[in-house]
Amino acid sequence: MATLSPGLRKALLASGITVVLSGGGAAAVWAGTQPSPTPSSASVSAGPTPLGNAKSADGRGRAIHGEHVVKQQDGSYRTVLTQSGTIEAVNDSEVTVKSEDGFTQRYVISADTRISTVPPDLPGRRNGKAKPSLPAATAADLKPGDTVRVSGTREGDAVTATRVVSGELPAGLKGAHGHRGHGPK
């Protein structure tokens, strides 16, 4: 095997670095000219947050309704639904919600369903807390036409509401920097 002179070795190394840097620059320019990918499904949160008219931090808007599967700690799977909309019908055992795009879902209200309302004096309830607690309510407090955010679980054809939040958050309480919900951005 022939040995390379130090001058030739430096020239080959310099040209190799130039090729790598040029290729990286070309890749960056190519990536910058490609359209952003569109998600295959709407992103949803694990639980409802009171409604607001603000767009999400990433500019895609807020979720209207969605369904996703969650793996439980015991290895089983659970189908979770979330929806925002207005109440079409309600009684002690179920609530029907219609989203602005026309999607309608009936939710069973069980003894484990947590129902709460956003009171008009919510800013005064903060008392120095970053996240005020919402007062508990019952199905009797829900009325047709109320704005709600619901989360529930599907078993077969039945969907049981796990959480119902009625009302809208005032603009100043929707979360820091447009981030609504829990966990990392």
Side-chain angles (χ1 to χ4, degrees), residues 31 34-118 122 130-169 173-185:
Q34 299 304 306
S36 298
T38 55
S40 59
S41 64
S43 81
V44 295
S45 60
T49 55
L51 294 175
N53 292 327
K55 288 189 174 184
S56 66
D58 59 8
R60 286 186 282 173
R62 61 181 168 85
I64 303 298
H65 57 87
E67 181 174 322
H68 60 280
V69 177
V70 178
K71 187 172 184 178
Q72 305 287 75
Q73 288 182 342
D74 66 0
S76 64
Y77 297 94
R78 177 176 57 150
T79 302
V80 177
L81 283 80
T82 59
Q83 181 178 7
S84 61
T86 56
I87 295 176
E88 291 285 300
V90 62
N91 60 42
D92 289 339
S93 61
E94 64 185 33
V95 60
T96 302
V97 178
K98 183 176 184 179
S99 295
E100 64 185 57
D101 68 345
F103 175 80
T104 302
Q105 179 66 53
R106 184 175 53 199
Y107 298 87
V108 173
I109 297 175
S110 72
D112 294 327
T113 302
R114 295 182 317 182
I115 302 173
S116 56
T117 59
V118 177
L122 184 63
K131 181 180 175 188
S133 60
L134 298 176
T138 66
D141 297 317
L142 301 173
K143 305 287 182 245
D146 285 354
T147 300
V148 292
R149 177 88 172 144
V150 183
S151 67
T153 56
R154 178 184 302 279
E155 289 190 31
D157 291 334
V159 179
T160 302
T162 54
R163 178 96 171 148
V164 179
V165 178
S166 176
E168 293 191 36
L169 275 179
L173 296 179
K174 290 183 181 152
H177 308 295
H179 179 61
R180 299 180 347 184
H182 304 285
K185 290 184 182 180

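- Looking only at side-chain heavy atoms (C-beta outward), L81 and E67 come within less than 4.5 Å of each other.
- With 3.5 Å as the limit, one finds no donor-acceptor pair spanning the side chains of S166 and T117.
- Looking at E100 and S84, their side chains never come closer than 4.5 Å, going by heavy atoms from C-beta outward.
- Taking the side chain as every heavy atom from C-beta outward, T82 and R149 approach each other to under 4.5 Å.
- You'll find the side chain of S93 stays beyond 4.5 Å of the side chain of V108, heavy atoms only.
- Closest approach of A161 to V150, counting heavy atoms only: CB-CG1, 4.2 Å.
- Around the CZ atom of R154, the shell of radius 6.0 Å holds more than 12 heavy atoms that belong to other residues, nucleotides or ligands.
- Residue E155 places its CD atom among 12 or fewer non-hydrogen atoms of other residues, nucleotides or ligands, all under 6.0 Å distant.
- Two residues are said to be in side-chain contact when any heavy atoms from C-beta on lie closer than 4.5 Å; V70 and Q72 meet this criterion.
- Contact record, I109 with A139: CD1-CB, 3.8 Å, taken as the closest heavy-atom pair.
- With a 4.5 Å cut-off on side-chain heavy atoms, I115 and L142 count as touching.
- Contact detail for D101 and H65: the closest heavy-atom pair is OD2-NE2, 2.8 Å.
- Defined by atom type and a distance below 3.5 Å, a donor-acceptor pair is missing between the side-chain atoms of S110 and D112.
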